[in-house]
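Here is the structure we will look at, set down as structure tokens.
Just so you know, ligand 1 is whichever comes first in the structure, and atom 1 is the first atom listed for that ligand.
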Amino acid sequence: MISIKGLYKQFDQLEVLKGIDLEVEKGKVVVIIGPSGSGKTTLLRCLNVLETPTKGVISIEGNSLDFSKNVSKKHIASFRRLTGMVFQSYNLFPHKTAIENVMEGPIIVKGEGKASARKKAQGLLEKVGLGDKMTYYPAQLSGGQQQRVGIARALAMEPKVMLFDEPTSALDPELVGEVLKVMKDLAQEGMTMIVVTHEMRFAQEVADEVVFMDGGVVVERNKPEEIFNHPKEERTRKFLNMLQ
Ligand SMILES: Nc1ncnc2c1ncn2[C@@H]1O[C@H](COP(=O)(O)OP(=O)(O)OP(=O)(O)O)[C@@H](O)[C@H]1O
Ligand SMILES: [Mg+2]
């Protein structure tokens, strides 16, 4: 269970998140949609504590961070490990093979032994359909394959929650499906996921709930069929009309 309470984030004069409240139950998939600049990426980055929120409380499975108080670097580092983040750009280490990319986190951050990290990485790459590409370098992989390595790399840290920030928007259209398939499988296995995406079909098929953000607030949240067919708020309606 994730709970976000009164989350604010300000960059200099610009207030980007203006009091986000959101809960995500364990095993559920929440898709976040909203116009460019509405704060979607900032929200995910706050959850992964890549950004420090100005104030607010984030709790993930009993672990809490209250940003109104001073929080130690150590606490932030351990909190960060609760979430695994998949970015729009894959950010793989170019000089490491697929399997080395997946092994890196557990070895460096968790101090795991090389042999067991390798074994786990193998299993994860097989899971994302890359069992035959383990020793390839990123440059030898397609965008879709690189993104699947990115997913395996995040999973290797055994996070409680997976955060996806437009994981398919940098991909050629024919490669989008293979990444969405991996994400769908993960959802079906019961992974808790927060996904920012423009893939409305994915949202319709996989999301338990869709959250519409605009101007740094949650405007509306509901089951996908409700949001897409009967949006309650004018701003949601306008945004969805624009997509068609
Ligand atoms: N590090 C930063 N410093 C200053 N301003 C920032 C920073 N990161 C984001 N912003 C600003 O915060 C606002 C929200 O950005 P954010 O990236 O969260 O939006 P988004 O909803 O993810 O948009 P998109 O759909 O285009 O990805 C924007 O106005 C952006 O310029
Ligand atoms: Mg973004």
Side-chain angles (χ1 to χ4, degrees), residues 2 4-22 24 29-58 60 65 67 71 73 76 79-80 83-92 143-144 146-147 150-151 153-154 159 161-173 175-176 179-180 183 193-204 206-207 209-222 224 227-228 231 233-244:
I2 307 169
I4 303 165
K5 287 208 178 100
L7 194 73
Y8 286 78
K9 174 65 187 176
Q10 190 161 343
F11 293 108
D12 299 319
Q13 298 307 313
L14 183 69
E15 190 154 60
V16 174
L17 299 181
K18 300 174 184 166
I20 300 277
D21 295 298
L22 195 64
V24 182
V29 178
V30 168
V31 164
I32 301 179
I33 59 173
S36 181
S38 57
K40 307 179 297 293
T41 294
T42 305
L43 175 59
L44 290 191
R45 289 175 61 84
C46 285
L47 289 174
N48 196 227
V49 216
L50 292 170
E51 301 289 352
T52 308
T54 319
K55 59 179 173 176
V57 182
I58 303 176
I60 299 175
L65 267 189
F67 293 97
V71 277
K73 282 204 171 122
I76 287 178
F79 196 84
R80 178 170 298 137
T83 52
M85 184 120 166
V86 176
F87 303 88
Q88 179 178 4
S89 53
Y90 335 112
N91 296 334
L92 299 177
Q146 288 184 62
Q147 191 56 300
I151 294 172
R153 181 182 54 177
V161 186
M162 284 285 282
L163 309 171
F164 294 86
D165 190 9
E166 301 196 31
T168 60
S169 59
L171 298 176
D172 290 336
L175 302 178
V176 167
V179 173
L180 293 180
M183 292 168 63
M193 295 167 46
I194 302 181
V195 184
V196 173
T197 185
H198 298 298
E199 296 291 336
M200 295 302 155
R201 254 191 66 195
F202 176 84
Q204 251 151 352
V206 184
E209 191 173 52
V210 175
V211 169
F212 173 65
M213 270 180 78
D214 192 14
V217 297
V218 171
V219 174
E220 183 170 355
R221 49 187 280 206
N222 214 329
I227 286 266
F228 291 124
E233 301 292 331
E234 183 59 27
R235 275 197 278 177
T236 316
R237 209 168 301 143
K238 272 197 179 142
F239 175 75
L240 291 173
N241 281 339
M242 228 170 47
L243 294 182
Q244 284 158 4

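- Shown here are the protein N/O/S atoms lying under 2.8 Å from the Mg ion (ligand 2), water excluded: Thr41 OG1.
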Residue pair Ile194, Val211: steps toward the side-chain contact (heavy atoms from CB on, under 4.5 Å) verdict: CA-CA 10 Å; Ile194 302 181; Val211 169; over 6 Å; no

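- Listed by chain and residue number, nothing satisfies the salt bridge (charged side-chain N to carboxylate O under 4.0 Å, His left out) test with Arg80 (two or more places apart in sequence, or in another chain).
- In this structure, Met162 and Ile151 have side chains that are in contact, with non-hydrogen atoms separated by less than 4.5 Å.
- Within the structure, side chain to side chain donor-acceptor pair (under 3.5 Å) pairs that include any residue of residues 41-55 comprise Thr41-Asp165, Arg45-Glu51, Asn48-Thr83 (at least two apart or interchain).
- Within 4.0 Å of ligand 1, protein heavy atoms come from Phe11, Leu14, Val16, Pro35, Ser36, Gly37, Ser38, Gly39, Lys40, Thr41, Thr42, Glu166.
- At a threshold of 4.5 Å between non-hydrogen side-chain atoms, the residues Ile58 and Leu47 count as touching.
- For the pair Pro53/Leu17, no side-chain contact is recorded, criterion being any heavy-atom separation below 4.5 Å from C-beta on.
- Between Gln204 and Phe228 the shortest side-chain heavy-atom distance falls below 4.5 Å.
- You'll find the side chain of Asn91 reaches within 4.5 Å of the side chain of Arg153, heavy atoms only.
- The shortest side-chain heavy-atom distance between Phe79 and Val71 does not fall under the 4.5 Å cut-off.
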